[in-house]
Structures are given as C-alpha cells and as structure tokens.
Amino acid sequence: MKMRMNNIFVPTLRSTPGEAEIASHKLLLRAGFIRRSSAGVYTYLPLAYRVLEKIKNIVRDEMNKAGGQEVMLPIIQPAELWMETGRWHVYGDEMFRLKDRHGRDFCLGPTHEEIITDLVRGEVNSYRQLPILLYQIQNKYRDERRPRFGLMRGREFIMKDLYSFDVNEEALDVSYQKMYQAYTNIFTRCGLNFRPVEADSGAIGGNVTHEFMVLAESGEATIVYCDECNYAANVEIAPCKPSIKAEIKEDLREKVKVHTPDVKTINEVAEFLEVKPEKCIKTLFYKADEELIVVLIRGDRTINEIKVQKVHPCYNLELASEEEIKNITGALPGSVGPIGLKNIKIYADLEIEHIINGVCGANEDDYHYINVNATDYQVEGYYDLRLIEMDDKCPKCNGQLQSARGIEVGQVFKLGTKYSESLKAKFLDVNGKEKPIHMGCYGIGVSRTLAAAVEQHNDENGIIWPKAIAPYLVTVIPVNNKDSQQMEYAEKIYTELQAKGIEVILDDRNERAGVKFKDADLIGFPIRITVGKKAIEEGIVEYKLRKESTVEEISMAEAIKKVVEFSQS
RNA sequence: CGGAGUGUGGCUCAGUUUGGUAGAGCGCUGCGUUCGGGACGCAGAGGCCGUAGGUUCAAAUCCUAUCACUCCGACCA
C-alpha cells in the first residue's frame with residue numbers, strides 16, 4: 001500500500017468555505033477530510049475514514065472487553081414497531097419517514113431500541129440467557145430542525161449503540177457500571193479532555209443517565225461541576241436551592257396598582273419602579289401540548305424548561321403566543337402577572353414564595369402591582385424551575401460551582417423496563433415467574449467524536465490529532481523533491497517506519513516545501529520528519545511534534561526510534 | 001417552525017443600487033525560471049450568473065414564484 005500524498009485523495013483548500021462556522025467544521029473541510037452532500041449530510045474522505053475507523057476500533061475494543069457483541073441492525077425500520085412503543089408519533093418531524101411500494105410506513109432508524117428489543121423478545125425466554133449485551137456501529141438518521149456545525153449535528157451520523165438486557169435492577173446496575181467505565185476508557189484513549197455529567201434522559205426515557213462531555217468552548221451544552229466534590233451535571237438537570245438573601249425583613253404591605261407606561265421588560269420595570277429585578281415576578285405563559293400553563297420565576301432568573309416539563313409532563317413545551325396570552329389575561333406580555341388568573345395552572349419557582357412586597361404585571365396593559373406577596377395569588381405549588389447559575393452552591397456539598405461548555409459525545413441510560421414492557425420482552429426467572437427484561441442503552445456519537453476531537457485539538461495552523469486517532473502518525477517531508485538524494489533518504493525513512501508498523505505517509509508531491517509544511521500542519525499529523533540538506537551532508541533529519549513548536553535535529557536512526565517510542569507511549 | 005442573510009468558473013468573492021459584450025485572486029493545464037513556511041513569468045482551459053416564469057429592443061442586475069445553503073432563535077437520544 002502506497003501511503004503517499006501523491007496517491008491519496010486529500011483535497012486541501014487554501015481558503016475556508018463559507019459554509020463553515022466553527023473550528024472543526026472549517027478545518028475538516030479545509031484539510032480535506034469531509035465534503036458536504038446536503039444539509040447535515042457529509043461524505044467522509046480517506047483521511048476522515050481512517051480517523052473514524054480508529055475511533056470505532058477503540059470503541060469496539062472496549063465494548064468487547066465489557067462483554068458486548070457486535071451486530072448489524074436494520075436502518076430501514078417498520079412503523080409497526082415504533083407504534084408499539086408509541087414513539088412513531090412522539091418522534092414527530094425529526095424522523096425520516098418513507099413508504100414502500102405497497103404504501104407501508106417505514107423510517108430510517110434514528111435509534112434502535114425498538115429493533116433490538118424486538119429481536120431479543122423473540123429469542124430470549126429464560127434468565128439463563130441473560131445478561132446479553134449487543135451493540136452496533138452504524139448510521140443513524142434524524143431530520144434535525146436545524147443541522148449545524150458540520151459533523152457536530154448532522155442528519156446522517158455514525159453512532160455506536162449498545163443495548164444491555166438484564167434480569168433485574170441490580171444486574172442492570174452492573175451493566176451500567178461496566179459501560180460507564182468503558183466510556184471513560186474510550187474517551188481517555190481517544191486523547192480527549194472530557195467529563196461525565198448527570199443528565200436528563202429526554203425522550204428516550206429512563207431515570208438514571210450520564211452524558212459524556214468533551215470540554216470545548218463551542219460545545220452546545222453547558223455543564224456545572226464542583227471542585228470540592230465530584231459533582232458534575234448538565235445545567236438542564238442541576239437542582240437549585242432557593243437563594244434567599246439575608247435581607248432586613250420587611251413588613252408585608254398591601255398591593256397597589258401603579259401606572260407603568262411603555263414599561264415591558266423586567267429590567268425596564270425594575271428601573272421604572274426603582275426595585276431590584278429579583279423583586280419582580282416574571283410571569284411566563286407556556287403552551288404545554290394543547291394546555292396553557294403559567295410559570296413564575298424571579299426577574300433575574302432563567303427558566304429551565306426541562307424542569308417545567310418534569311412538573312407538568314407534556315411532549316411539547318413552548319412559549320405561548322401574544323394572542324393566546326391576551327385571550328387569557330386581557331393584557332399583552334409585559335404587563336401580565338399571576339393575580340386574578342383563573343382556570344389555568346400556575347407553577348412557581350421556589351424563590352417566588354420568598355419575594356416580599358414584590359412586583360408583577362396587573363393583567364392590564366401598562367399597569368403593574370407593587371407590594372405583591374404570596375397570599376395575593378394561588379399557585380399549584382412551588383417547585384425548582386430555574387436554571388442553575390454560578391452564584392448557586394454545589395447541590396451535593398455546598399461548594400463553589402464552576403461551569404464549562406461541552407460537546408455531548410456519549411450518553412448512558414438505565415432504561416429499566418420502559419421498552420421491554422411496551423414491547424413485551426419478558427423472560428422466566430429462576431422461579432418460573434414471568435418478568436420484564438431490564439434494559440440499558442449506551443450511545444456514542446462516533447462522527448461527532450471526530451469533530452469534537454478537532455474542536456478540542458487545533459490551533460491557528462490546523463488540526464492537532466491526538467495520536468490514537470490520527471489518520472497517520474507521521475508525515476515524512478523531503479524539502480526538495482528535485483533532489484534525488486533527499487527523495488531517496490525520505491523514501492528510506494518512510495520504508496523503515498512502515499516496516500516497523502508505523503502509520504506513515506510520504507509527502508512526495510512536487511510542491512514547494514512551504515506548501516507541504518502548511519498542509520502537514522493543517523492535516524495535523526502528530527509527528528513530522530523533515531529531510532533536507534543536512535540529511536545528505538550530515539545524516540541529520542528534523543523531528544517535530546505537531547503540538548510543540550520545537551524542532552529536534554537528530555539522526556535518522558534516532559528519529560525512527562523516537563517515533564516508535566512515541567507510538568507506544 | 002419564526003427571524004436574518006447568501007446563491008456569479010473547483011474555492012474566496014466583486015459586479016446588482018443606476019438593465020447595455022460576465023470579472024478578479026487563488027486553484028487547474030502547458031512551457032520556462034525558482035525551490036526550507038501556501039514562488040514568479042508567459043500562454044491556456046473553465047461560468048446558459050440556483051431554477052422557472054414575467055417586464056424590456058436588451059436582464060447576473062427589475063418583478064413574481066420556487067429551490068438550496070448559512071446564521072440567530074425555538075427544538076434536540
């Protein structure tokens with residue numbers, strides 16, 4: 001196999017295509033790893049393919065070690081199965097749907113719980129057959145409302161999913177722990193700086209779940225973690241205690257309606273009435289499926305809609321329209337409040353209960369109430385509904401919280417019996433009693449991991465691949481390929497490295513040195529060996545690591561030795 | 001799905017306001033010079049200006065529709 005730049009399809013670009021916004025997307029396009037086919041759908045060119053295979057092999061290795069068995073599952077899946085679990089409708093427009101020539105409904109699998117459970121329910125009848133851990137590494141399809149950031153959020157993407165089937169909850173715990181450990185091993189081996197965090201289980205269901213986050217500024221998720229204990233969570237689920245400032249206790253006063261012309265936002269209200277935003281009651285109207293609900297939160301806080309959905313279960317939660325609000329309250333948003341609202345559920349954040357002599361809209365345009373207290377309106381209850389902030393204390397140990405952005409590359413779920421019950425996947429236990437199988441599912445976004453690695457490991461010159469997933473470990477660059485001695489020398493190093501099983505590429509292109517250096521940096525080979533005049537005159541080559549700026553001038557034998565050492569380190 | 005924007009050669013973009021022979025840089029082909037951080041000269045190839053209608057003597061340019069793509073938001077195992 002000739003691993004030479006002349007023979008490999010690596011179309012690097014000098015300028016960044018306008019379609020790209022974030023580092024990984026720009027660099028993967030420029031360095032000749034990917035090309036877009038349509039929105040959120042990409043072609044993987046040879047270099048990307050090699051990286052994907054490396055990631056997959058690390059994943060395979062750890063899955064196999066943990067007792068997983070690899071399978072291939074259908075990508076085209078029948079609607080019937082999805083109807084059995086009810087997700088044919090839950091998934092909504094995000095599912096790619098198609099019909100066959102007979103008009104039967106199918107979808108392109110967005111995930112494989114249904115398919116795998118269907119398989120297992122047909123074959124597993126006895127506790128003797130459990131546990132069983134099956135996994136697949138395949139394309140999955142989700143018609144994202146908004147695909148973006150290149151491979152980060154595609155509509156077609158590569159994913160590893162492992163599904164575990166156990167006899168009971170304790171056994172599921174064992175499988176879950178194995179997977180948690182395997183994930184830690186995988187992302188460590190991939191050379192990524194990551195963090196497992198507590199998370200929301202979303203539409204997939206289940207109660208216990210962790211996300212594995214690659215830390216990067218461009219990450220779409222925000223996490224909080226504590227330096228004093230091991231607490232780490234996605235902000236989506238991080239619980240918040242009410243922060244009640246030790247203020248001077250005010251006497252409760254009678255509410256008063258005041259004229260507040262052209263005052264709409266919390267900040268405007270606070271400024272106009274000369275109170276702090278935290279004294280204001282932000283009143284938000286949501287449409288929960290078909291029902292309108294009200295959520296109250298302190299003026300300086302942000303709503304956490306996931307928490308709202310826990311308190312008021314629904315499939316779809318979105319802010320109500322101005323028209324819907326006007327119908328209920330008689331006022332437009334900006335002048336609405338909880339006082340006097342009827343026939344609508346009002347959920348208040350825990351902190352709302354502690355607002356004394358607060359401010360809220362009067363449900364009359366351009367009027368607000370001041371001196372509002374909890375007795376002035378009726379709520380369903382007080383719940384933790386807000387988004388955690390940096391001034392919050394660690395929910396576990398009260399320590400100082402830190403926050404970071406993360407790219408979700410993996411998630412592990414304890415599903416319990418959600419799918420086994422709806423799909424009737426049962427077995428007979430030792431006592432001959434019929435029980436539902438306890439399931440877990442464990443996903444890794446393989447193509448997203450590739451993008452996350454680039455996102456985390458790059459500089460102004462290009463990608464800096466962690467060695468375990470680099471497309472090639474070494475590039476050998478003869479400075480002047482008109483110089484046949486240099487070429488021969490480079491060829492010799494290349495051949496020797498190859499003989500030692502090192503993945504090396506020879507840049508034998510008829511290009512000027514500068515072009516080859518630029519491309520080497522852009523593509524991000526961990527090691528570069530340069531063969532120049534000194535190689536011929538003194539037997540000295542240059543050895544340079546991509547992640548460092550220093551160049552070592554050493555003999556060819558030493559360079560080869562260093563490469564081998566590096567590859568084994 | 002709401003808001004904003006962009007579609008002109010392989011890539012980056014100008015030209016559109018004010019209609020009148022389709023441009024530049026990079027890349028590509030050939031020849032020559034050059035050769036340690038994206039060289040230079042000369043000569044070339046390559047575009048029914050996203051698509052479809054319309055207005056006009058004349059449309060990349062004006063009008064209408066439509067498609068694609070990107071960004072912000074909403075949403076998201």
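Residue numbers start from 1 in every chain, and the chains themselves are labelled A, B, ... in the order their sequence lines are given, proteins ahead of strands.
No contact: A:Asn481 has no heavy atom under 4.0 Å from any strand. Heavy atoms of A:Lys533 sit under 4.0 angstrom from at least one base atom. Residue contacts for A:Asp521: at a heavy-atom cut-off of 4.0 Å it reaches a base atom on one of the strands shown.
Here B:rA43 sits opposite B:rU29 as a Watson-Crick or G-U wobble pair (both hydrogen-bonding atom distances under 3.5 Å). B:rC48 makes up no base pair with any nucleotide shown, lacking Watson-Crick or G-U wobble contacts both under 3.5 Å. Across all strands shown, B:rC62 pairs with B:rG54; the Watson-Crick or G-U wobble distances both stay below 3.5 Å. Base-pair partner of B:rU70: B:rA4 (Watson-Crick or G-U wobble, both distances under 3.5 Å). Judged by Watson-Crick or G-U wobble contacts below 3.5 Å, the nucleotide B:rC75 has no partner.
No side-chain heavy atom of A:Leu45 sits under 4.5 Å from any side-chain heavy atom of A:Leu47.
For the pair A:Arg30 CZ and B:rG38 P, the computed distance is 13 Å after rounding to whole Å. One can place NZ of A:Lys482 at 14 Å from P of B:rA39, the figure rounded to the nearest angstrom. What separates CZ of A:Arg509 from C1' of B:rC28 is a distance of 15 Å, to the nearest Å. With rounding to whole Å, A:Phe517 atom CZ is found 12 Å from B:rA39 atom P. Rounding to whole angstrom units, CE of residue A:Met213 and C1' of B:rC76 are separated by 12 Å. The separation between A:Leu13 atom CG and B:rC28 atom P is 12 Å, rounded to whole Å. Remark: P of B:rC28 and CG of A:Asn510 are 11 Å apart, rounded to the nearest angstrom. Taking atom CG on A:Leu522 and atom P on B:rG37, their separation rounds to 17 Å, with Å as the unit.
One cannot find a donor-acceptor pair under 3.5 Å joining the base of B:rG36 and the side-chain atoms of A:Arg528. Contact annotation: side chain of A:Glu511 to base of B:rG38, donor-acceptor pair absent below 3.5 Å. With hydrogens and angles ignored, no donor-acceptor pair closer than 3.5 Å exists between the side chain of A:Asn480 and the base of B:rG36.
For B:rG3 and B:rC11, the C1' atoms lie 30 Å apart once the distance is rounded to whole Å. One P atom belongs to B:rG20, the other to B:rC1, and the distance between them is 38 Å to the nearest Å. Spacing between B:rU61 and B:rG9 at atom P, rounded to whole Å, works out to 15 Å. B:rG36 and B:rC72 have their C1' atoms separated by 45 Å, with the value rounded to a whole Å. The P atoms of B:rG37 and B:rG73 are separated by 43 Å, rounded to the nearest whole Å. For B:rU56 and B:rC63, the P atoms lie 16 Å apart once the distance is rounded to whole Å. A gap of 11 Å separates the P atoms of B:rA22 and B:rA59, to the nearest Å. Annotation: B:rA60 and B:rG7 have their P atoms spaced 16 Å apart (nearest Å).
Figure legend: cation-pi geometry between A:Arg195 and A:Phe212 absent, as NZ or CZ is not positioned both under 6.0 Å from the six-membered ring centre and within 45° of its axis. For the pair A:Arg97 and A:Trp82, the cation-pi criterion (under 6.0 Å, within 45° of the ring axis) is not fulfilled.
Among residues two or more places apart in sequence or in another chain, the side-chain hydrogen bond (donor to acceptor under 3.5 Å, both in side chains) test is passed with A:Ser422 by none. The salt bridge (charged side-chain N to carboxylate O under 4.0 Å, His left out) check on A:Glu488 picks up nothing, with sequence neighbours excluded. Partners of A:Lys140 under the side-chain hydrogen bond (donor to acceptor under 3.5 Å, both in side chains) rule, at least two apart in sequence or in another chain, are A:His112, A:Gln136, A:Asp161.
You'll find that the side chain of A:Val515 is closest to B:rG38, out of B:rG37, B:rG38, B:rG36. When each of B:rA39, B:rG36, B:rC26 is scored by its nearest atom to the side-chain atoms of A:Arg14, the top-ranked nucleotide is B:rC26.
Checking A:Ala513 against A:Phe157, the closest nucleotide of RNA chain B that is more toward the 5' end is the one next to A:Ala513. Toward the 5′ end of RNA chain B lies the nearest nucleotide of A:Gln486, the other residue of the pair A:Glu408 and A:Gln486 mapping further downstream.
Salt-bridge check for A:Arg153 with A:Glu220: passed, with a basic side-chain N closer than 4.0 Å to an acidic carboxylate O. Note on A:Arg301 versus A:Glu389: salt bridge recorded, some NZ/NE/NH1/NH2 to OD/OE distance being below 4.0 Å.
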Cut-off 3.5 Å, no hydrogens considered: what does the side-chain donor-acceptor table look like for residues 520-533 of chain A, sequence neighbours left out?
from	atom 1	to	atom 2	distance (Å)
A:Arg528	NE	A:Thr530	OG1	3.4

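Each salt bridge (Lys or Arg N to Asp or Glu O under 4.0 Å) pair with one or both residues in residues 72-85 of chain A, not counting sequence neighbours, appears once here: A:Glu84-A:Arg121.
For the pair A:Arg512 and B:rA39, the criterion of a side-chain N or O lying under 4.0 Å from OP1 or OP2 is met.
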If a protein heavy atom is under 4.0 Å from the base, mark B; if only from the sugar-phosphate, S; if neither, -; do that for nucleotides 66-75 of chain B going 5' to 3'. ---SSBBBBB

